[in-house]
There are 2 protein chains.
Amino acid sequence: MANALEVVGERWSLLALREVFFGCTRFDQIAANTGASRDVLTVRLKKLVAAGVLEKHQYSEHPPRYEYVLTESGRALHNLMLMLKEWGDEYVTQGPLPLVWQHSCGATLEPRVVCAACGEEATPESLTRAEQVTH
Amino acid sequence: MANALEVVGERWSLLALREVFFGCTRFDQIAANTGASRDVLTVRLKKLVAAGVLEKHQYSEHPPRYEYVLTESGRALHNLMLMLKEWGDEYVTQGPLPLVWQHSCGATLEPRVVCAACGEEATPESLTRAEQVTH
DNA sequence: AATGTGAGTTGGGAAATCAAACTCAGGAGG
DNA sequence: CCTCCTGAGTTTGATTTCCCAACTCACATT
């Protein structure tokens, strides 16, 4: 957790990534939609690129224009963002939700975290420490 | 997401909550295990209590001693923390993982986010915007 | 009486944040 | 050709936060 937070735990990082997920990949859009100040956003995006979460692509040479795209590592943050939104929706946000996801099965998405092996929910009580495993 | 980050998005908040999940519920323990400075930790814990994520219980009157316990809202952060750890393990942490969870089914936990309705994975491609729903 | 512990407070300097203005490269319009 | 506009940052100067070490205060222990 601490390692993950080193990379995406600073203010604006996750909101910037949310914008990229939404297809807002350009600097000015991200700045406008997140509310981050431009200087801080510059630093955050550089850090995310350095960490391999985003890549900076030049999509036009004349004039020089850039966009930020997700790497695999960045795309893998989708689950984290779903849970963050879910918790916020459930316990923080008052009134109507600004966004509701519909799953391809037709239902309104209610995300659940399960064990990949057995499909049962991963609750705090269902977990115990395992012996060290080399990564 | 932004609302959730307002509550748990500041530095040390999630690490403090991790400690409480681990059963380290006392101020000095949390400070030592997270590395947060004591003054900042004081502010964070107060904010988490105010937000209804933690409760401060006095478990001894003479001498006066306190512990922080999770509310339902706090316990609901478990999923978020699992995903944060999972992403860090997968894309940030080098070398052996400091902690591996075993699910009650016997397998090493590999958390997956699925749609509660159909049990299929909730990928970015499987989601579309739904119409507004009152909370 | 002296020392220890838990749970913070306090103080001062370093670092990060903010908003607004500025830069720079390159169109677009007249 | 001259002026205005846009995207993508930089710069600047004024706040806020953060960090760390030392201090407090109420009890307990030796």
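Lettering of chains follows the sequences in order, A, B, ..., and the numbering in each one begins at 1.
Side-chain N or O atoms of B/Thr108 include none that pairs as donor or acceptor with a backbone N or O of B/Gln102 at under 3.5 Å. Using modelled atom types, one side-chain atom of A/Thr93 and one backbone atom of A/Gly88 make a donor-acceptor pair closer than 3.5 Å. In this structure a side-chain-to-backbone donor-acceptor pair under 3.5 Å is present from A/Lys85 to A/Leu99. A donor-acceptor distance shorter than 3.5 angstrom exists from the side chain of A/Trp87 to the backbone of B/Ser73, with no hydrogens or angles considered. Checked by atom type and distance alone, the side chain of A/Thr34 never pairs as donor or acceptor with a backbone atom of A/Ala16 at under 3.5 Å.
If you walk DNA chain D from 5' to 3' and mark each nucleotide with an atom closer than 4.0 Å to a heavy atom of chain A, the marks span D/dT6 to D/dT12.
Distance check, rounded to the nearest 0.5 Å: NZ of A/Lys46 to OG1 of A/Thr42 gives 6.0 Å.
Each of A/Arg38 and A/Arg11 was assigned the nucleotide of DNA chain C with the nearest heavy atom; the assignment lying further toward the 5' end belongs to A/Arg11.
Atom CZ in B/Arg26 sits about 6 Å away from atom P in C/dG6, given to the nearest Å. Between A/Arg65 atom CZ and C/dG26 atom P the separation is 10 Å, expressed in whole Å. Atom pair B/Asn33:CG and C/dA7:C1' shows a separation of 16 Å (rounding to whole Å applied). Atom CD of B/Glu10 and atom C1' of C/dA16 are 14 Å apart (whole Å). Distance, B/Gln29 CD to C/dG6 C1': 11 Å, rounded to whole Å.
Remark: B/Arg44 is not positioned above the aromatic ring of B/Tyr68, lacking an NZ or CZ atom under 6.0 angstrom from the ring centre and at most 45 degrees off the axis.
Heavy-atom distances under 4.0 Å link DNA chain D to A/Asp39, A/Thr42, A/Lys46 of residues 39-48 of chain A, given in residue order.
Taking only side-chain nitrogens and oxygens, A/Trp12 never comes nearer than 4.0 Å to OP1 or OP2 of C/dA16. Distances shorter than 4.0 Å separate some side-chain N or O of B/Tyr68 from OP1 or OP2 on C/dG8.
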Inset, instruction - Take B/Glu121 and B/Thr123 through the test side-chain contact (heavy atoms from CB on, under 4.5 Å) and record every step on the way to the result. - result: CA-CA 6 Å; B/Glu121 200 155 355; B/Thr123 62; 4.3 Å; yes
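Checking C/dC18, C/dG27, C/dT5 against the side-chain heavy atoms of A/Pro63 singles out C/dG27 as nearest.
Residue B/Glu72 qualifies as open at atom CD: its count of foreign heavy atoms under 6.0 Å is 12 or below.
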